[in-house]
Number of protein chains: 2
Amino acid sequence: MRDMPDPVPELEPAAAELMLAVGQLSRRIRSESAPHALSLSQASVLARLERKTGLSTADLARAEAMKPQSMGKILVDLERAGLVERHPHPSDRRQFLYRLTRRGTQMRQRGSALSRSWMIDAIARLDVCDRKRLIESLPVIRLVAES
Amino acid sequence: MRDMPDPVPELEPAAAELMLAVGQLSRRIRSESAPHALSLSQASVLARLERKTGLSTADLARAEAMKPQSMGKILVDLERAGLVERHPHPSDRRQFLYRLTRRGTQMRQRGSALSRSWMIDAIARLDVCDRKRLIESLPVIRLVAES
DNA sequence: TATTGTTATACTCTATAACTATA
DNA sequence: TATAGTTATAGAGTATAACAATA
């Protein structure tokens, strides 16, 4: 007998805090980003193609929780920047499959570490416990994002 | 004698991961947000005014790492929605100080919990350890965002 | 009929530039 | 001269709508 459907009410403040924290950090990231740096979405696509190559526009759009039209624009920009290349799907002539170019792989490796320097400094200034907390939470945040 | 200025190089992957995680979660939040829900910035301003009332446009802009013109628009929208009200500064006739209305306080309390329900569910599905990791990391993320 | 991708258009959020009023 | 706020304009990022090609 469930009097209230109310599901784990004590998690509501945590969710609210998480939304605020993510909002503040993403604004801070944007305000610090260099003029021609990759956007968060572009970097996310490169990371995904490094983990699994040969994904289509629709695959990537689903994975990034974004419309195919929006992903299309991101991929056009990445291709023009020489970071990804596209090839026709072997059997389905509607699709194109994307993979990293050599330049895209290099970009993933040395990254645009420059535009993250402020964040590296901020993490370095944390005490050991907080740094541990932050690093351990990263896979959890992705779990929530992909849930 | 410092051969290399290189500051804690092993933190670079953590920073890269944090940027990707924040990017994915903020896109997920946007894609789940209800049509007329508050934006992350609007919610952040309400939270800040709850903690400390009587802040000006410039105060809030600095706190949220945003230009005063951008904050001005956010405050106009919040005022039109009846969530904040502004009053002239007692001595400086250039400034206006903002505070939550009753409706704004209510919005903070019950929040737009509706638009967070997917996130609450996602957190509820985490195992106990991951949930603990997530919750403990939230103040640390804000430290980084405000650093 | 459903899906992939494209093109055109519009909306949200934030930034830059130029201005007025006050300190 | 510096700061607070306003107005106008522009850019990035993503969405919706309408379409063609293929499955």
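Every chain is numbered from 1 and lettered A, B, ... according to where its sequence line falls, protein lines coming before strand lines. Values reported hereafter were calculated over all heavy atoms of this structure, with side chains retained and with hydrogens, waters and symmetry mates removed. It should be emphasised that the depicted structure is a prediction, and the values quoted were computed from it without experimental measurement.
In terms of heavy atoms, A:Gly82 sits closest to A:Arg103 at O-CB, 3.6 Å. Looking at every heavy atom in both residues, A:Val22 comes nearest to B:Ser26 through CG1-CB, 3.8 Å.
With sequence neighbours excluded, the residues that form a side-chain contact (heavy atoms from CB on, under 4.5 Å) with A:Ala15 are B:Arg116, B:Met119, B:Ile120, B:Ile123. For A:Glu79, the side-chain contact (heavy atoms from CB on, under 4.5 Å) partners at least two apart in sequence or on another chain are A:Val84, A:Arg86. Residues meeting the salt bridge (Lys or Arg N to Asp or Glu O under 4.0 Å) test with B:Arg94, sequence neighbours left out: B:Asp92. For A:Arg93, the salt bridge (Lys or Arg N to Asp or Glu O under 4.0 Å) criterion is met by no residue, not counting sequence neighbours. For A:Arg142, the salt bridge (Lys or Arg N to Asp or Glu O under 4.0 Å) partners two or more places apart in sequence, or in a different chain, are B:Glu17. Listed by chain and number, the residues in a side-chain contact (heavy atoms from CB on, under 4.5 Å) with A:Leu97 are A:Ser56, A:His89, A:Pro90, A:Gln95 (sequence neighbours excluded). Applying the side-chain contact (heavy atoms from CB on, under 4.5 Å) test to B:Lys73 and every residue at least two apart in sequence or in another chain returns B:Asp77.
Within residues 83-101 of chain B, the residues approached by DNA chain D to less than 4.0 Å at the level of any non-hydrogen atom are B:Arg86, B:Arg94, B:Gln95, B:Phe96, in residue-number order. Near DNA chain C, defined here as any heavy-atom distance below 4.0 Å, there are no residues from residues 57-64 of chain B.
Here D:dA18 presents its P atom at 15 Å from NZ of A:Lys67, a figure rounded to the nearest Å.
Comparing A:Ser31 and A:Ser56 against DNA chain C, the residue whose closest nucleotide sits nearer the 5' end is A:Ser56.
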Using a cutoff of under 3.5 Å, can you pull out all pairs of nitrogen or oxygen atoms linking the protein to nucleotides 10-13 of chain D, with atom names and distances?
none

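The side chain to side chain contact (heavy atoms under 4.5 Å, CB included) test with B:Ile135 is passed by exactly one of B:Lys132, B:Arg131, B:Arg133: B:Arg131.
For the pair A:Thr101 (side chain) and A:Glu85 (backbone), a donor-acceptor distance under 3.5 Å is absent. Between the side chain of A:Arg125 and the backbone N or O of B:Val144 there is no donor-acceptor pair closer than 3.5 Å.
Read 5' to 3', the first and last nucleotides of DNA chain C with an atom closer than 4.0 Å to a heavy atom of chain B are C:dC13 to C:dA23.
The stretch residues 34-43 of chain A participates, sequence neighbours left out, in these side-chain hydrogen bond (donor to acceptor under 3.5 Å, both in side chains) pairs: A:Ser41-B:Arg27.
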